[in-house]
Amino acid sequence: MTGTDVQKEAEDSGPSGYAAARLRLLTEEARSGPPRRAALAELTDDWLTGLFAAGAEGLRGASLVAVGGYGRGELSPRSDLDLLLLHDGGDIKAVAALADRLWYPVWDLGLDLDHSVRTPAEARKTAGEDLKVQLGLLDARHIAGDLGLTASLRTAVLADWRNQAPKRLPELQELCAERAERQGELQYLLEPDLKEARGGLRDATALRAVAASWLADAPREGLADARRRLLDVRDALHLATGRATDRLALQEQDQVAAELGLLDADTLLRQVYEAARLVSYASDVTWREVGRVLRSRAVRPRLRAMLGGGKPTAERSPLAEGVVEQDGEVVLARAARPERDPVLPLRAAAAAAQAGLPLSLHAVRRLAATVRPLPTPWPAEAREQLVTLLGSGRPTIEVWEALEAEGLITRLLPDWERVRCRPQRNAVHLWTVDRHLIETAVRASEFTRRVSRPDLLLVAALLHDIGKGWPGDHSVAGEIIAKDVAARIGFDRHDVAVVATLVRHHLTLIDTATRRDLEDPATVRSVAEAVGSQGTLELLHALTEADALATGPAAWSSWRGSLVADLVERVSAVLAGDVPDDPEEAAPTAEQERLALEAAATGSPVLALRAQTEPPVGQEPSGDPEPLGVELLIAVPDQPGVLPAVAGVLAMHRLTVRTAELRSLYLPDGVDGSVLLLDWRVAAEYGSLPQAARLRSDLVRALDGSLDIAGRLAERDAAYPRRRGVVAPAARVSVHPAASRLATVIEVRSQDAPGLLFRIGRALEDASVQVRSAHVSTLGANAVDAFYVTGPEGAPLPGDEAASVARKLEETLRG
């Protein structure tokens with residue numbers, strides 16, 4: 001039977017004919033999705049038109065209007081009918097009789113009905129008082145009766161909505177937020193409400209309402225498909241259950257998946273999550289744009305008055321090379337060239353997360369459309385920017401989602417595709433696999449002061465469950481994937497092995513601590529053999545806690561934490577033989593010795609800059625090289641204040657210190673004195689590198705006291721107000737008395753910041769200790785610095801004195 005035959009049967013046979021035609025339509029296997037919803041709406045229109053015609057004979061000035069989902073022509077099998085009987089206020093009794101002729105047949109068939117009878121004025125008044133009524137009227141569609149009456153109401157309602165948008169849109173946003181708080185996020189729930197949860201059908205309707213206001217619009221790409229998918233799942237749910245339900249319960253997911261021709265319930269959930277994620281992201285972008293427009297409207301009259309009517313120019317504040325802040329978002333600088341800068345997506349993302357700002361939709365889409373792929377292995381800057389992004393705390397999530405929405409994450413990390421939107425059918429887990437991995441990195445960022453290699457901790461957190469997209473033990477599969485990913489992003493063999501070990505054994509500590517006898521020496525030995533070193537054990541301990549905290553409240557407790565800590569202490573005792581030796585004095589290179597002899601002869605600092613380069617991607621080495629960083633060699637006659645002077649001069653010139661080595665270099669026989677050699681790798685925050693001659697000139701002035709570094713840095717900080725950004729963990733300073741026989745090792749773990757090394761160096765100078773050597777590294781947004789210090793006589797510091805120096809240094813960094 002054709003659709004026309006079905007409609008004719010409904011028209012000819014009254015309510016029973018409509019019911020039969022409706023049933024036949026819903027059981028047609030050949031028709032589903034949007035065509036079936038539209039056909040069901042059309043069938044219902046025809047039936048109601050017949051009822052209206054029979055009941056409105058002789059009545060003028062009345063019309064029947066579909067609103068809400070029915071108004072959009074989206075009738076699911078068990079959808080209620082949202083109807084408005086509109087009239088001009090003339091013959092009230094005739095209108096009441098018509099209402100009875102319309103509503104009772106609907107109820108007789110057992111269909112849910114949401115109905116009202118109003119004049120246009122009453123409808124507008126009610127809409128002005130009730131936001132939900134107004135939203136329904138935005139989708140008003142004429143069914144029968146006076147078309148002019150319906151059209152005039154639609155025109156008036158849309159005009160009211162647009163005129164009142166500055167007031168009503170914030171109300172709508174608050175309504176959406178309250179609903180999300182009650183219902184949760186559709187993209188993570190095992191039994192989601194397809195309509196009410198965040199990212200569901202209600203949010204998709206809200207986006208239509210925002211677009212109708214003409215104030216802002218949602219990103220349209222993929223949004224219609226996401227909405228269609230959610231409606232298709234709701235249709236299948238109604239047919240599978242025979243009820244008007246929007247909750248996708250566990251016991252019905254296999255049947256719904258079969259109804260849709262999907263492989264299994266996991267495939268169903270993944271499709272639902274993908275659709276919900278797209279709606280949620282579109283909502284975030286849209287509401288951000290609404291806020292921006294409303295703020296702009298509120299400020300513009302005042303600015304116009306101040307500027308004499310001219311249009312103000314949006315302020316652009318630099319964040320990183322090629323990245324600026326504008327109007328509360330992170331955008332690309334005008335001079336940025338994504339097609340020539342493959343690191344730009346990660347640099348922009350890291351800058352946004354560190355500043356606690358969203359990435360603009362335009363910037364992300366431009367990056368996705370034009371940026372070149374990164375080489376394999378990644379350059380050092382790309383790896384550092386990824387670590388910075390992962391270590392930025394809670395803002396990482398929003399930035400990561402923006403990159404993922406435009407496909408940039410899977411282009412950077414192809415293995416991510418297998419875990420993206422993958423459900424976890426475990427009541428302990430709150431999140432999908434991919435969101436759990438990001439949540440673990442966020443939790444791990446809180447522990448970066450506990451480990452000597454925060455970069456390895458953060459990358460392992462990102463990858464620890466990456467094997468869940470493969471068959472078999474996910475830890476075993478994950479180890480293989482982690483090796484490949486870690487090597488691709490540029491870690492050396494040793495670091496690749498550490499990351500792989502962390503992924504392979506990320507459950508070892510919690511499983512052993514809660515399921516094995518810790519008094520049995522064999523238990524502790526087996527863990528020690530699996531871990532291999534104190535450094536890996538330290539990382540694994542932090543990863544274990546971060547993983548559990550990111551799983552959900554049931555996965556971690558003080559009891560579990562104490563068991564894991566006890567196991568770690570026992571394993572550490574087994575590994576205690578791995579005490580670091582004193583740093584060996586490496587023989588100087590010919591260039592280092594030449595600089596040292598020149599410094600000794602002239603009595604002043606000597607330096608050399610050497611750029612590190614590689615050819616652009618896709619070009620032969622003969623092409624123009626692109627700078628990756630600069631090696632800075634400095635030789636200075638041994639004297640107090642060298643470390644803070646050099647660090648301060650570099651901070652003044654906006655040079656970021658990536659790694660730094662400082663050591664005393666003893667000169668050949670016949671040459672008096674000693675020289676301090678500094679071998680550092682630096683990079684410009686943005687812009688070009690300063691000239692070596694200017695660096696040397698400022699260093700000479702810093703050493704003789706004629707350059708007020710502290711004052712200059714304070715002036716610059718005052719000129720650039722602090723952004724809200726990320727609240728980083730407090731600095732941590734510790735003493736490692738067993739790490740060296742010849743010096744006291746003081747280790748500093750802190751958030752990297754301009755001038756940090758200058759502050760540390762000055763604090764150590766103020767404490768009257770000598771820096772025998774320093775080993776400085778910047779890992780993403782974290783600085784991990786070790787200083788080998790002695791007293792004035794050249795001996796290690798007594799225990800109480802070392803503790804006092806560490807305490808004062810920590811107070812300085814936290815002040």
What's the spacing between [X] [atom1] and [Y] [atom2] if we round to 0.5 Å?
{"X": "L462", "Y": "L437", "atom1": "CG", "atom2": "CG", "value": "6.0 Å"}
{"X": "H464", "Y": "L502", "atom1": "NE2", "atom2": "CG", "value": "11.5 Å"}
{"X": "L374", "Y": "R411", "atom1": "CG", "atom2": "CZ", "value": "10.0 Å"}
{"X": "L809", "Y": "S750", "atom1": "CG", "atom2": "OG", "value": "9.5 Å"}
{"X": "L665", "Y": "L678", "atom1": "CG", "atom2": "CG", "value": "11.0 Å"}
{"X": "S562", "Y": "L567", "atom1": "OG", "atom2": "CG", "value": "11.5 Å"}

Can a donor-acceptor pair be found, under 3.5 Å and without considering hydrogens, that links the side chain of [X] to the backbone of [Y]?
{"X": "R422", "Y": "R270", "value": "no"}
{"X": "T501", "Y": "A497", "value": "yes"}
{"X": "S392", "Y": "T388", "value": "yes"}
{"X": "E538", "Y": "S452", "value": "yes"}
{"X": "T396", "Y": "L389", "value": "yes"}
{"X": "Q253", "Y": "L190", "value": "yes"}
{"X": "W680", "Y": "E661", "value": "yes"}
{"X": "Q424", "Y": "H429", "value": "no"}
{"X": "R443", "Y": "A546", "value": "no"}
{"X": "R418", "Y": "G469", "value": "yes"}

Kindly give the heavy-atom pair with the smallest separation between [X] and [Y], and that separation in Å.
{"X": "L186", "Y": "P192", "answer": "CD1-CB, 2.9 Å"}
{"X": "S664", "Y": "L676", "answer": "OG-CD2, 3.5 Å"}
{"X": "P373", "Y": "P342", "answer": "O-CB, 3.9 Å"}
{"X": "V399", "Y": "A353", "answer": "CG2-N, 3.9 Å"}

Pairing donors with acceptors under 3.5 angstrom, does anything connect the side chains of [X] and [Y]?
{"X": "D465", "Y": "H474", "answer": "yes"}
{"X": "T536", "Y": "S533", "answer": "yes"}
{"X": "R277", "Y": "Q187", "answer": "yes"}
{"X": "Q751", "Y": "Q354", "answer": "yes"}
{"X": "H506", "Y": "T508", "answer": "no"}

Near [X] [atom1], under 6.0 Å, is it more than 12 heavy atoms from other residues, nucleotides or ligands?
{"X": "K468", "atom1": "NZ", "answer": "yes"}
{"X": "Q770", "atom1": "CD", "answer": "yes"}
{"X": "Q251", "atom1": "CD", "answer": "yes"}
{"X": "E191", "atom1": "CD", "answer": "yes"}

Heavy-atom side-chain proximity of [X] to [Y] below 4.5 angstrom:
{"X": "P377", "Y": "I489", "value": "no"}
{"X": "R504", "Y": "V476", "value": "yes"}
{"X": "T744", "Y": "P737", "value": "no"}
{"X": "L346", "Y": "W378", "value": "yes"}
{"X": "R772", "Y": "F787", "value": "no"}
{"X": "V256", "Y": "V233", "value": "yes"}
{"X": "D547", "Y": "W556", "value": "no"}
{"X": "T432", "Y": "Y273", "value": "yes"}

*Apply salt bridge (Lys or Arg N to Asp or Glu O under 4.0 Å) to E384 and R681, showing your working.*
CA-CA 13 Å; E384 290 161 1; R681 186 168 71 85; 2.8 Å; yes
*asked:* One pair to check against salt bridge (Lys or Arg N to Asp or Glu O under 4.0 Å): R516 and D520. What are the steps and the verdict?
replied: CA-CA 8 Å; R516 296 289 184 271; D520 184 349; over 6 Å; no
*Apply salt bridge (Lys or Arg N to Asp or Glu O under 4.0 Å) to R732 and E810, showing your working.*
CA-CA 6 Å; R732 181 176 174 181; E810 195 168 85; over 6 Å; no
*asked:* Quick check: F447 with H541 (ring centres under 6.0 Å apart)?
replied: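 No, ring centres 6.0 Å or more apart.
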_Basic-acidic side-chain contact under 4.0 Å: R749, E747_ = yes
_Strictly below 4.0 Å, N to O, side chains only: are E439 and R394 in salt-bridge contact?_
yes
*Trace of the salt bridge (Lys or Arg N to Asp or Glu O under 4.0 Å) decision for D415 with R488*: CA-CA 12 Å; D415 297 286; R488 190 186 321 135; 3.3 Å; yes
